[in-house]
Amino acid sequence: MKKIQPDSIQDWRAFASTLVIDGRPFIGGRRNDAYSNHFFDVISPVDSKVLAALPRCGGVEIGAAVAAARAVADSGVWSGWPVSKRSDLIRKFAQTIDANAHELAVLDTLQMGMPISSALADIALATQKLREVAEDVVRLHGHFLPGSTDSLSINMRTPQGVVAAITPWNFPVFVALGKIGPALATGNCLVLKPSEIAPLACLRLADLAAEAGIPPGVFNVVPGLGAEAGHALASSRQVDLLSFTGSTATGRLLMHAAADSNLKALHLELGGKSPQIVLDDCGDLEQLAQSLADGFMFNSGQLCVAGSRLIIPKGLESDLVPLIARKTSSWRHGCPLDPSTTLGPLATAQQVSNVKRLIDRAHAGGLSSLATEFAGSPGLPAPIIFHDVPSDAEIAQEEVFGPVAACMSFESDAEALALANGTRYGLVATVWCSNPARGWNLAQRVRAGATTVNTTTRFQGAPVQGAALEPFGESGFGAEGGLAGLLAYTRARHLKLNMPC
Ligand code: ADP
């Protein structure tokens, strides 16, 4: 492929036209012809055209990938490597990804409509996280257990063995690398089933892993549909741990699949309906309104950590809500291959109709909304802010995955906390206030894996190295990030050596 430095929509289009798409599964260190002769289309929301037809892999290909991973896991070779050697290889993998970031970014943009500038930033963040994993993994150690003088006891952390990862379409490379990094660094072998909506960049990650030197069988990628390839992977008796990011509905199915097969361990990172709580001492409204808007507009609202429930003091609503509506216009809708676009189309036609349905139902239920400047397009319903929303309304409880916010009001901090915690989810939360003690106090009582005060988890400030989060409620379970996130890919073992004199 010609190396170019794209910096305009024309350059990105030209670059995209040079891509050669290979949709075959990556098993045992190489691309393989799929057994299946059925195909599914990957349709680009950029122009609604078919980007590629990929083999609809199922039980046979999943079986082959799991067998390849199992063979390496059971050989003890990869898990027995010195951890520093695996850590070096993860760094090399990050470097190889960075060198191919343009290709991965444009694939994500074409597959699911993320603006190219966001896709590039996402890949840079993902490789930064990979490097953190490489740094942290050498710090995981077991410990000596005091006992009698004629025996030696240690607790150690060993890999789980074969890890399965099933990932969504909203941040294809970022979410996949968030599982690949910790799983491989801790000595596991992995089979990844990416979303059928956006599988192409994840398949390329497998080629790049091989290029970086990750041994055959350690990392395998199988494309296919959720109910076929995904179900086969979740039901495999040869998988020790399944790490999933996606909808709560699918998370429930995976728990059943694990229970009905080998009781594999699970990590589930599921839906969210995250609160942004504004306290009455919140300071400059202009700046605040922009931050609140950014919290539910990023990636066109298609993120599980969207701050889509705005919890606002009663007296402040009439000033703040119209200001938030106005601030949404700082997001620029356009072709996602244009580097100045910040708001792309929703990923699929299905997604557009889901968002419209929820908006229509909220209006039909009598809820009032404020329109925003942008009137919408066929690929993206206009951003919309519902106000005076009862906390049990569907629009305040269900994940929309579009640029939609629901505002609720309160009179006391206790009421704000009850509104914030009044959902079945518990992924992230934000508190906006001037008094740090008041914000900190509230932050500790919100049921969320990560709560930030005066900043959002995803969009503002440098990411915090070592930060781990574990969701509450129906947002799932299992730590992600930091040392806790690495430990989640290992199991505790006790070894005792008896040495009578
Ligand atoms: P979304 O509705 O946002 O696509 P899903 O939870 O359906 O979210 O999809 C996330 C991932 O889960 C995708 O890779 C999809 O293929 C997979 N998936 C969907 N249904 C199943 C299932 N029954 N078993 C296993 N994986 C599934």
Side-chain angles (χ1 to χ4, degrees), residues 23 25 36 38-43 45 54-59 61-63 65-66 108 111-114 163-180 190-203 205 220-236 239 241-262 264 266-273 299-306 308 346-355 357-358 398-402 425 427 471 474-476:
S36 167
H38 296 289
F39 293 84
F40 66 96
D41 289 338
V42 178
I43 297 170
L54 263 60
R56 222 168 104 179
C57 296
E61 294 86 352
I62 288 288
V66 170
D108 272 0
Q111 303 180 102
M112 48 70 66
M114 182 188 292
V163 174
I166 300 182
T167 53
W169 48 261
N170 57 341
F171 295 92
V173 169
F174 183 81
V175 175
L177 285 175
K179 299 184 189 304
I180 298 164
L190 182 78
V191 179
L192 167 66
K193 205 298 282 174
S195 166
E196 54 272 47
I197 292 166
L200 302 174
C202 287
L203 282 162
L205 285 179
N220 309 273
V221 184
V222 181
L225 307 185
E228 297 173 1
H231 179 71
L233 190 54
S235 304
S236 168
V239 168
L241 165 72
L242 168 60
S243 178
F244 171 72
T245 300
S247 64
T248 295
T250 302
R252 280 183 211 284
L253 293 176
L254 298 183
M255 286 191 84
H256 283 293
D260 293 342
S261 53
N262 62 339
K264 58 182 68 60
L266 290 173
H267 302 160
L268 302 178
E269 209 255 71
L270 309 174
K273 192 74 186 172
N299 210 26
S300 303
Q302 302 169 112
L303 69 168
C304 48
V305 296
S308 58
L346 298 185
T348 60
Q350 177 68 52
Q351 196 53 30
V352 174
S353 70
N354 288 349
V355 172
R357 195 186 64 243
L358 284 163
E398 294 304 317
E399 198 173 32
V400 179
F401 251 53
Y425 297 116
L427 207 48
E474 293 180 31
S475 289

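In each ligand, atom 1 is the first atom listed, and ligand 1 is the first ligand listed.
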>> To check your reading of the model: name the closest protein heavy atom to atom 17 (C) of ligand 1, its residue, and the distance in Å.
In response: I166 CG2, 3.6 Å
> Please state which protein non-hydrogen atom is closest to atom 4 (O) of ligand 1 and give its distance, to 0.1 Å?
Replying inline: W169 NE1, 3.1 Å
> What is the closest protein heavy atom to atom 12 (O) of ligand 1, and at what distance does it sit?
Replying inline: F244 CE1, 3.2 Å
> If you count the atoms of ligand 1 from 1 in the order shown, which ones are under 4.0 Å from a heavy atom of G230?
Replying inline: 24 (N), 25 (C), 26 (N)
> Counting each atom of ligand 1 from 1 as listed, which ones have a heavy atom of L254 under 4.0 Å away?
Replying inline: 24 (N), 25 (C)
> When you measure from atom 23 (N) of ligand 1 to every protein heavy atom, which one gives the shortest distance, and what is it?
Replying inline: L253 CD1, 3.6 Å
> So which protein heavy atom does atom 15 (C) of ligand 1 come closest to, and at what separation?
Replying inline: E196 OE1, 3.4 Å
> Would you say atom 9 (O) of ligand 1 touches the protein, meaning some protein heavy atom is under 4.0 Å from it?
Replying inline: no
> Just which atoms of ligand 1 are under 4.0 Å from any heavy atom in S195?
Replying inline: 13 (C), 14 (O)
> Against heavy atoms of T250, which atoms of ligand 1 measure under 4.0 Å?
Replying inline: 5 (P), 6 (O), 7 (O), 12 (O), 18 (N), 19 (C), 20 (N), 21 (C), 27 (C)
> Which heavy atom of the protein is the closest neighbour of atom 14 (O) of ligand 1, given with residue, atom name and distance?
Replying inline: T167 O, 2.8 Å
>> Return the closest protein heavy atom for atom 6 (O) of ligand 1 as residue, atom name and distance.
In response: S247 OG, 2.7 Å
> Near P194, which atoms of ligand 1 are under 4.0 Å from a heavy atom of that residue?
Replying inline: 14 (O)
> Under 4.0 Å between a Lys/Arg side-chain N and an Asp/Glu carboxylate O for E474 and R252?
Replying inline: yes
> More than 12 heavy atoms of other residues, nucleotides or ligands under 6.0 Å from NE2 of H231: is that the case?
Replying inline: no
> Does atom 2 (O) of ligand 1 have a protein heavy-atom neighbour under 4.0 Å away?
Replying inline: no
> What protein heavy atom is closest to atom 18 (N) of ligand 1, reported as residue, atom name and distance in Å?
Replying inline: G226 CA, 3.4 Å
